[in-house]
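When a residue number appears, it is its place in the shown sequence, counting from 1. In this text, all values refer to a predicted model and were calculated from it rather than measured experimentally.
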Amino acid sequence: MSIGRIEIRGLRKSYGNTRALDGLDLDLIPGEVLGIAGPNGAGKSTLMRILGGEERQDAGDLRVGGQVFADADAARLVAVVHQEPQLFPNLTVAQNLMVGREPGRMLRPSSPDSDQSLMAALGLGPYATRPLADCTLAVQQRTEIARALARDARVFLFDEPNSALTDEESDELFREIHKLANAGNIVILVTHRLSDLVEHTARVVVVRDGRIAIELSGVALTEEAIAQNLVLAEHRPAPDAGRAQRGLRDDAQILRCINWTHHGGVFQNVGLRVAAGEILALMGVEGSGARELLRSLGGVDPAHGEITVAGLTGRAAIDRNTAYVPATRQFSLYTNLSVGDNLLVRLGSPEIAGATGALRPRAMRALATDAVRRFFVKTRTLTQGIRSLSGGNQQKVAIAQALTFRPRLLLLEEPTRGVDIGARREIYRLLSSYVADGNAVVMYCTEVPEMFEAADKVIVVSDGLLSAPLTVADHGHVEALATEVTRLERHGRAG
């Protein structure tokens, strides 16, 4: 069965006061690979969920050949190939293909000839009887593609599909992606890897503020053009010249790493220094090593080498002088606890308990009240549930929770992902105030505007290699910084 062009018109979707899609128009054309790019919070994920039938739009419609593209069509025709495959690791490759299509009541159905042919075409034949858990990520992703083809899917959404693949595995994946498009399917690639968008798509649309901001194709489709359009979401002033007055002193180092090496080999022999009063941004796409480097500094990813944080060395330096805040809020916050309890969970007994170990409610209330005031958390009471707060206020609680521990080095993954502009700037003020007291911040970012507004220096990480630091204040506008970051990413890949 073939599928015609899908026309998306006037798509709108809101979550409370947040408008995720604001009248989005887009045509999906069979036989081509369409790239979708956009900053975090632009509406990409909402569009994918609606197209996949996981959510319903508030207004607008999707049509194929003049007919409404209904939820039933989405469930039958659309397949999402996730960054981490959504399969059954305890089943074999062949069994995963048959989930939901088992004939009758057979306990151990055999694979039909069509599945056998499909697995052979995708190079899965040697793995057919192997448990999926024992297969590489590349094999798991091909299994997800095969499963979609087995149920006659005709629209394929690839969400950061090669972030954890080797170069050879990525090449295999893109060969399969182009086969899907050449067979007349609709293929969509969502990725932060600008080089993949340029190399493997016929056109790229940039989503900003819930709409298609621009479409790039032909000679206009370049990494520089995508990068520059990604950072036009809003007017951003030049970096604050007052940053230099925060007390940044290269002779007062908070962090020093020598020969810092990831146990999984993602990066090796890294040297890194961060001064007191400095906010350093590590920039890199998924799989570059930037996220793993940040996590290793907090003891989350295993690494070895020499590390010193505020005068302490080794594991003691990490345990006593660093605090790490992951990108996903549910990994920082206890959703069953109140705002006040979440603010205090990292504190030890001297602050919140007496000599006998009994909690001191009055002291706890005073500490939580002070944290709400200092970190600008908008909450009616300390006792209300953390889930009742907006996303931006939840993120401020996550950062405040880490800072009440009084670390010398704060480690943040995508600190303002999914929060509105007002909350973002409040968070940036918090970070600036924190480093002004002689501390330091290292944050992992995927968005150039965030680095431009918050960081003093930027290091681009590509294939585990670190660029020389960029000084943000040397770039008069965000587009100039984006161009330089793109150049360094490309240079790192070539190197």
*asked:* Salt bridge or not between E223 and R193? Use side-chain N to carboxylate O under 4.0 Å.
replied: no
*asked:* Determine whether a donor-acceptor pair (N or O, by modelled atom type, separation under 3.5 Å) exists between the side chain of T404 and the backbone of Q401.
replied: yes
_side-chain contact (heavy atoms from CB on, under 4.5 Å) for M283 and V448? Distances and angles first, verdict last._
CA-CA 8 Å; M283 173 71 174; V448 175; 4.1 Å; yes
*Over all heavy atoms of both residues, which pair between A37 and V204 is shortest? Give the atoms and the distance, please.*
CB-CG1, 4.4 Å
*What do the steps show when you test E414 against R291 for salt bridge (charged side-chain N to carboxylate O under 4.0 Å, His left out), and what is the final call?*
CA-CA 9 Å; E414 301 181 80; R291 190 188 296 271; 2.9 Å; yes
*So do the side chains of L189 and F156 get within less than 4.5 Å of each other, counting heavy atoms only?*
no
*asked:* Keeping Y444 on the side-chain end and G284 on the backbone end, is there a donor-acceptor pair under 3.5 Å?
replied: yes
*List the atom of Q140, the atom of C135, and the distance in Å for their closest heavy-atom pair.*
NE2-O, 3.1 Å
*Under the 3.5 angstrom rule, does the side chain of Q57 hit a backbone N or O of G60 as a donor-acceptor pair?*
yes
_For a 4.5 angstrom cut-off between non-hydrogen side-chain atoms, does N393 reach V397?_
no
_Using a 3.5 Å distance criterion without hydrogens, assess whether the side chain of E278 forms a donor-acceptor pair with backbone atoms of A275._
yes
*Shortest non-hydrogen contact between Y428 and T416, atoms and distance*: OH-OG1, 3.5 Å
*Below 4.5 Å, heavy atoms only, C-beta onward: do F267 and S296 meet side chain to side chain?*
yes
*asked:* What verdict does the salt bridge (charged side-chain N to carboxylate O under 4.0 Å, His left out) test give for E32 and R203, after you've listed the backbone C-alpha separation in whole Å, the side-chain angles of each residue and the deciding distance to 0.1 Å?
replied: CA-CA 8 Å; E32 75 167 14; R203 59 190 174 112; 2.5 Å; yes
*Test I36 against I188 for side-chain contact (heavy atoms from CB on, under 4.5 Å), laying out the working first.*
CA-CA 7 Å; I36 296 183; I188 299 174; 3.6 Å; yes
*Quickly, which of R49, K44, M48 forms a side chain to side chain contact (heavy atoms under 4.5 Å, CB included) with T46? Name it, please.*
R49
*Scan residues 195-226 for pairs that pass ring pair (Phe, Tyr, Trp, His ring centres under 6.0 Å), counting only residues two or more places apart or in two chains.*
F174-H200, H178-H200
_With side chain to side chain contact (heavy atoms under 4.5 Å, CB included) as the test, pick out the partner of L297 among T322, V309, L255, I318._
L255
*For N342 and Y334, work out which heavy atoms get closest and say how close.*
OD1-N, 2.7 Å
_side-chain contact (heavy atoms from CB on, under 4.5 Å) evaluation trace for T308 with I254_ = CA-CA 8 Å; T308 302; I254 294 295; over 6 Å; no
*Side-chain contact, heavy-atom cut-off 4.5 Å: L221 with I226?*
yes
*Over all heavy atoms of both residues, which pair between L333 and Q394 is shortest? Give the atoms and the distance, please.*
CD1-O, 3.6 Å
*asked:* For E426, is there an ion pair with K396 - N to carboxylate O distance below 4.0 angstrom?
replied: yes
*State plainly whether the residues R487 and E484 are in salt-bridge range, i.e. N to O under 4.0 Å.*
yes
*Check whether any side-chain heavy atom of M443 sits under 4.5 Å from a side-chain heavy atom of I279, and report yes or no.*
yes
*Salt bridge or not for R211 and D22, using N-O below 4.0 Å?*
yes
_Residues in side chain to side chain contact (heavy atoms under 4.5 Å, CB included) contact with T379, at least two apart in sequence or another chain_ = V339, V372, V377, Q384, L389
*Heavy-atom side-chain contact between L293 and H262 under 4.5 Å*: no
*Heavy atoms only: give me the nearest E292-G289 pair and the separation to one decimal.*
OE1-CA, 3.2 Å
*Under the 3.5 angstrom rule, does the side chain of Q395 hit a backbone N or O of P415 as a donor-acceptor pair?*
yes
